[in-house]
Asker: 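Here you go, one structure.
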Amino acid sequence: MYHSDLILKGIKADELMASQLEKALIGVKDQVLQQASKIGDGATRLVYYTSCFTDNYQDVCAKLKEEDLRFLDGIAEVVKRRDIIFRLVHIYFEGIFRFKTREQLSAINSGLLKAGVIISSNTLNNQTFIIGITTAVCLGIGFNSSIVAWTGKTAALTVTGLGLYGIVQQAADSAERLRLQAPMYYQALHMQRLEMMYFLVEPTFMKAQAFESDITNAIINMVK
């Protein structure tokens, strides 16, 4: 899919899936000292990794390694399924609309129509409504512009281990924010090994106030 191709271009997944994360740890102390002022997030993560050289911080080291593996799992899903953005959004709406009544769905649909958001669905039931909303959001201007902007900013950084590690750190920070802000959505993503990919949609979710505002307004803000 369009989104996945852009994401893979930005992250350079072929290199990452091979052994880039392992290579990033070579000469870690020297790299941190030389590059810390140039690439913030990546250097910060490698500074964290220096704790692995001491006996007192093995829990920190274990957490970092787990995040790295989960990030690789997420990238593997991007490569395998090619519908990462759709899945992230679909899981979000599935958690919201799974148990809504027909009357509730109708009221939300009416609010969306008034705002010019048309959901393509012949029958108004939970599953078709979820798919219709997910499709509308993924085709909306908000997500497309967000992914394009992210790709342009990211592609230049991934040529170095620190740049790549900057992305992993951003993903880890984003996943932690989600865990605290929306634990049920976080758990749903975690079960599908996708929580480290949440950073791809976080800017749009935050702009739309997806975990705070009325769901109708959140959808409208995501689409437009």
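Positions are given from 1, in the same order as the sequence printed here.
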Asker: Of all heavy-atom pairs between G111 and T216, which one has the smallest distance, and what is that distance?
Answerer: C-CG2, 4.0 Å
Asker: Is it true that R177 and E202 make a salt bridge, defined as a side-chain N closer than 4.0 Å to a carboxylate O?
Answerer: yes
Asker: With distance as the sole test, does D83 use its side chain to make a donor-acceptor pair with the main-chain N or O of F86 at under 3.5 Å?
Answerer: no
Asker: Hey, is the main chain of Q170 close enough, under 3.5 Å, to the side chain of S174 for a donor-acceptor pair?
Answerer: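 Judged by distance alone, no pair lies under 3.5 Å.
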Asker: Has R70 got a side-chain atom pairing as donor or acceptor with H190's backbone, closer than 3.5 angstrom?
Answerer: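 Yes; judged by distance alone, with no hydrogens or angles, the pair exists.
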Asker: Donor-acceptor pair, S106 side chain versus R102 backbone, under 3.5 Å?
Answerer: no
Asker: To the nearest 0.5 Å, what is the distance between CD (E176) and CD (Q181)?
Answerer: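 So the gap between those two atoms works out to 12.0 Å.
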Asker: Between F129 and F93, does the ring centre distance come in under 6.0 Å?
Answerer: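 Between F129 and F93, the centre distance exceeds or equals 6.0 Å.
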Asker: Once you round to the nearest 0.5 Å, how far does CE of M206 lie from CG of N221?
Answerer: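 Separation between the atoms: 12.0 Å.
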Asker: Compare every heavy atom of L194 with every heavy atom of L88, then report the nearest pair and how far apart it is.
Answerer: CD2-O, 4.0 Å
Asker: Any salt bridge linking R179 with E195? Criterion: basic side-chain nitrogen under 4.0 Å from a carboxylate oxygen.
Answerer: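 No, this pair does not count.
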Asker: Parallel, tilted or perpendicular for Y185 and Y92, by the 30°/60° rule?
Answerer: perpendicular
Asker: Indicate yes or no: at least one non-hydrogen side-chain atom of F199 is less than 4.5 angstrom from one of I167.
Answerer: yes
Asker: Quick check: does any side chain N or O of N126 sit under 3.5 Å from a backbone N or O of K100, one acting as donor and the other as acceptor?
Answerer: yes
Asker: Can you find a pair of side-chain heavy atoms, one from K207 and one from M222, that are under 4.5 Å apart?
Answerer: no
Asker: To the closest 0.5 Å, what do you measure between CD1 (I119) and CG (L105)?
Answerer: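 Going from the CD1 atom of I119 to the CG atom of L105 covers 11.0 Å.
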Asker: What's the separation between atom CD1 in I130 and atom CD1 in I96, rounded to the nearest 0.5 Å?
Answerer: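 Going from CD1 on I130 over to CD1 on I96, the span is 9.5 Å.
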Asker: Around atom CD1 of I118, are there more than 12 heavy atoms of other residues, nucleotides or ligands at under 6.0 Å?
Answerer: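 No.
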Asker: How many angstroms lie between atom CD1 of I219 and atom CG of D214, to the nearest 0.5 angstrom?
Answerer: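 Reported to 0.5 Å precision, the distance equals 8.5 Å.
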Asker: Evaluate the side-chain proximity of L178 to L189: yes if any heavy-atom separation is below 4.5 Å, no if none is.
Answerer: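 Yes, their side chains come closer than 4.5 Å.
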Asker: Is it true that a side-chain atom of Q104 and a backbone atom of T101 form a donor plus acceptor pair closer than 3.5 Å?
Answerer: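 Such a contact is found between Q104 side chain and T101 backbone.
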Asker: Quick check: does any side chain N or O of K224 sit under 3.5 Å from a backbone N or O of V117, one acting as donor and the other as acceptor?
Answerer: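 Pair absent, no side-chain N/O of K224 close to backbone of V117.
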Asker: Measuring only between side-chain heavy atoms, which start at C-beta, is Q209 closer than 4.5 Å to N217?
Answerer: no
Asker: Mind telling me whether F205 and F211 have parallel, tilted or perpendicular rings, with 30° and 60° as the class edges?
Answerer: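 Tilted: the ring planes of F211 and F205 meet at 30° to 60°.
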Asker: Before you tell me yes or no, could you show the steps for I133 and F97 under side-chain contact (heavy atoms from CB on, under 4.5 Å), namely the whole-Å CA-CA distance, both residues' side-chain angles and the distance that decides it to 0.1 Å?
Answerer: CA-CA 10 Å; I133 288 181; F97 292 115; 3.7 Å; yes
Asker: Are the side chains of E77 and M197 in contact, using a 4.5 Å heavy-atom criterion?
Answerer: no
Asker: Quick check for you: to the nearest 0.5 Å, what is the distance between I220 atom CD1 and I215 atom CD1?
Answerer: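 Separation between the atoms: 10.0 Å.
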